[in-house]
**Student:** 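Pasting a structure below so you can have a look.
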Protein chains: 2
Amino acid sequence: MPEEKVYRIGVEATMEVLGGKWKPIILCNLRHGSLRTSELKRQIPGISQKMLTQQLRDLEALNIVDRHVYNQVPPKVEYALSDYGQSLSPVLDSLCNWGEQHIQTLQAQGEAVTLNMD
Amino acid sequence: MPEEKVYRIGVEATMEVLGGKWKPIILCNLRHGSLRTSELKRQIPGISQKMLTQQLRDLEALNIVDRHVYNQVPPKVEYALSDYGQSLSPVLDSLCNWGEQHIQTLQAQGEAVTLNMD
DNA sequence: CCCAATAGGTACTAAAAGGTGCGTATGATA
DNA sequence: TATCATACGCACCTTTTAGTACCTATTGGG
């Protein structure tokens, strides 16, 4: 059982939660309140149903998001940052903010990038 | 040429810089000053020479790190956050700090994890 | 009776990321 | 003259991650 996990630096542990292509995007979209599956899909064009639920399952297992199933038909499921997940908010904010500034920097350098958050 | 890159949320752009298994770790290690290749390898046990230089090349191309080659034998190369890369420091700090707290949380839950930064 | 709407499961495939091993260069040093 | 130390590059292979296509359940409404 001394199957101990040893980290050398805090960010390693963070990236176990924020790793992968979709988790940071999903979490950033959940910063300001809960969203149902279909809303997340709308906010994240390009994600497949499979990836969305898969990543949400992971985050649920990590106690970062809560899943709330309404008993109705057609189904309704809402996802939100858990209490513990809320502690990530400042981190997510800083990631989003830096990205926004970065995009502006790239634009100022004449690169063809845009930020299109409806 | 309207090969325009469109982001829906800032974090997407951030993760193009911080994506992958090694970049966040490398960058966090560079927060407090430059390090040479061998020092980085020592700080990041588990990374291969290939991955280390590959990721450093990527970060150099993104203008996040500077590479300084000393003209001596045996070779000496130092890497440091570029001026632009410095703007990532608060982000990296927040990633590291959250991870450290997270590790403590896991420990408090009885999980076998440790943070071992010599 | 069948379909729309919503959430999600599964199998298979494709692509990206990462790991391993081996080779190179140079000059100082034993 | 052989060896070491340092920082690579390259070719090949394995693993991980992501994408695609198709299937299920439920029930109100036409």
Side-chain angles (χ1 to χ4, degrees), chain A residues 5 7-9 11-30 34-62 64-80, chain B residues 5 7-9 11-30 34-62 64-80:
Chain A
K5 176 111 196 157
Y7 299 98
R8 299 266 313 170
I9 192 169
V11 70
E12 284 182 55
T14 308
M15 295 317 284
E16 263 172 38
V17 169
L18 293 188
K21 180 171 175 180
W22 299 113
K23 291 203 189 78
I25 301 176
I26 291 170
L27 291 173
C28 280
N29 274 286
L30 290 177
S34 62
L35 293 174
R36 50 187 303 195
T37 313
S38 53
E39 292 170 321
L40 277 168
K41 273 199 284 197
R42 201 149 17 79
Q43 293 304 313
I44 313 176
I47 198 171
S48 63
Q49 170 75 52
K50 173 192 158 189
M51 277 298 125
L52 182 55
T53 47
Q54 187 173 99
Q55 301 304 303
L56 285 166
R57 291 283 176 286
D58 288 354
L59 292 168
E60 206 191 341
L62 290 165
I64 302 294
V65 306
D66 287 333
R67 178 162 179 265
H68 181 359
V69 181
Y70 293 80
N71 244 26
Q72 44 180 68
V73 167
K76 173 175 174 180
V77 180
E78 281 194 339
Y79 295 94
Chain B
K5 178 111 197 158
Y7 299 98
R8 300 265 314 169
I9 192 170
V11 70
E12 284 181 53
T14 308
M15 295 318 283
E16 263 172 37
V17 170
L18 293 189
K21 179 172 176 179
W22 300 112
K23 290 203 189 78
I25 301 176
I26 292 170
L27 291 174
C28 281
N29 274 285
L30 291 177
S34 61
L35 293 174
R36 50 187 303 196
T37 312
S38 52
E39 291 171 322
L40 277 168
K41 272 199 285 197
R42 204 153 11 82
Q43 293 304 313
I44 313 176
I47 198 171
S48 63
Q49 171 74 54
K50 173 193 160 187
M51 277 298 124
L52 181 56
T53 47
Q54 187 174 100
Q55 302 303 303
L56 285 166
R57 292 284 176 285
D58 287 354
L59 292 168
E60 207 190 343
L62 290 164
I64 303 294
V65 307
D66 287 332
R67 175 159 181 267
H68 181 358
V69 181
Y70 292 81
N71 243 26
Q72 43 179 71
V73 166
K76 173 176 175 181
V77 180
E78 279 195 341
Y79 295 94

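Source: prediction; values computed, not measured. Values reported hereafter were calculated over all heavy atoms of this structure, with side chains retained and with hydrogens, waters and symmetry mates removed. Just so we're on the same page: letters track the sequence lines, and every chain starts at 1.
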**Student:** Along nucleotides 5-15 of chain D, 5' to 3', which nucleotides get a B, which get an S, and which get a -, given that the test is a protein heavy-atom distance under 4.0 Å?
**Tutor:** BBSBS-B----
**Student:** Applying the side chain to side chain contact (heavy atoms under 4.5 Å, CB included) criterion to B/Tyr79, which one of B/Asp66, B/Thr37, B/Leu35 satisfies it?
**Tutor:**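 Exactly one option meets the side chain to side chain contact (heavy atoms under 4.5 Å, CB included) with B/Tyr79, and it is B/Thr37.
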**Student:** In this structure, how many angstroms lie between the C1' atom of C/dT26 and the OH atom of B/Tyr70, rounded?
**Tutor:**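 Rounded to whole Å, this separation is 19 Å.
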**Student:** Between side-chain atoms of residues 16-28 of chain B and protein atoms elsewhere (two or more places apart, or another chain), which donor-acceptor pairs fall under 3.5 Å?
**Tutor:**
unit_1	atom_1	unit_2	atom_2	d
B/Glu16	OE1	B/Tyr7	OH	3.0
B/Glu16	OE2	B/Lys5	NZ	3.2
B/Glu16	OE2	B/Tyr7	OH	3.3
B/Lys23	NZ	B/Gln55	OE1	3.1

**Student:** Rounded to whole Å, how long is the line connecting atom NE2 of A/His68 with atom C1' of C/dG8?
**Tutor:**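 Those two atoms, NE2 and C1', are 18 Å apart.
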**Student:** By salt bridge (Lys or Arg N to Asp or Glu O under 4.0 Å), which residues pair with A/Arg36, not counting sequence neighbours?
**Tutor:**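 Counting only residues at least two positions away or on another chain, A/Arg36 forms no salt bridge (Lys or Arg N to Asp or Glu O under 4.0 Å).
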**Student:** Between atom CE in A/Met51 and atom C1' in C/dA15, what is the gap in whole Å?
**Tutor:**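 Going from A/Met51 (CE) to C/dA15 (C1'), I get 12 Å.
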**Student:** Measure from CD on A/Glu16 to C1' on D/dT16 and round the result to the nearest Å.
**Tutor:**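 That distance rounds to 15 Å.
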**Student:** Less than 4.5 Å apart, side chain to side chain, heavy atoms only: is that true for B/Arg67 and B/Val69?
**Tutor:**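 Answer yes - side chains close enough.
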**Student:** In whole angstrom, what separates A/Leu52's CG from C/dT6's P?
**Tutor:**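 Taking atom P of C/dT6 as the reference, CG of A/Leu52 is at 14 Å.
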**Student:** What's the spacing between A/Leu40 CG and A/Leu30 CG if we round to 0.5 Å?
**Tutor:**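 Interatomic distance, A/Leu40 CG to A/Leu30 CG, rounded to 0.5 Å: 5.0 Å.
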**Student:** Rounding to an integer number of Å, can you tell me how far A/Gln72 CD sits from C/dT6 C1'?
**Tutor:**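 Rounded to whole Å, this separation is 10 Å.
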**Student:** List the atom pairs, donor and acceptor, that lie under 3.5 Å between side-chain atoms in residues 42-54 of chain B and the rest of the protein, sequence neighbours left out.
**Tutor:**
unit_1	atom_1	unit_2	atom_2	d
B/Ser48	OG	B/Met51	N	3.2
B/Gln49	OE1	B/Lys41	NZ	2.7
B/Thr53	OG1	B/Gln49	O	3.0
B/Thr53	OG1	B/Lys50	O	3.3

**Student:** Tell me: CD1 of A/Ile47 to C1' of D/dT17, nearest whole Å?
**Tutor:**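 For the pair A/Ile47 CD1 and D/dT17 C1', the rounded distance is 13 Å.
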**Student:** For the helix from C/dC1-D/dG30 to C/dA30-D/dT1, what angle separates the axis at the start from the axis at the finish, each from five pairs, in steps of 10°?
**Tutor:**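 Nearest ten degrees gives 30° for this helix.
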**Student:** Considering only heavy atoms, which members of residues 19-28 of chain B lie under 4.0 Å from some atom of DNA chain C?
**Tutor:**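 Residues of residues 19-28 of chain B that come under 4.0 Å of DNA chain C are, in numerical order, B/Gly20, B/Lys21, B/Trp22.
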**Student:** Could you state the CZ-P distance from A/Arg42 to C/dA7, rounded to the nearest angstrom?
**Tutor:**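 Roughly 10 Å, once rounded to whole Å.
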**Student:** Let me confirm one number: the NZ-OG distance from A/Lys76 to A/Ser38, rounded to the nearest 0.5 Å.
**Tutor:**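 Going from the NZ atom of A/Lys76 to the OG atom of A/Ser38 covers 9.5 Å.
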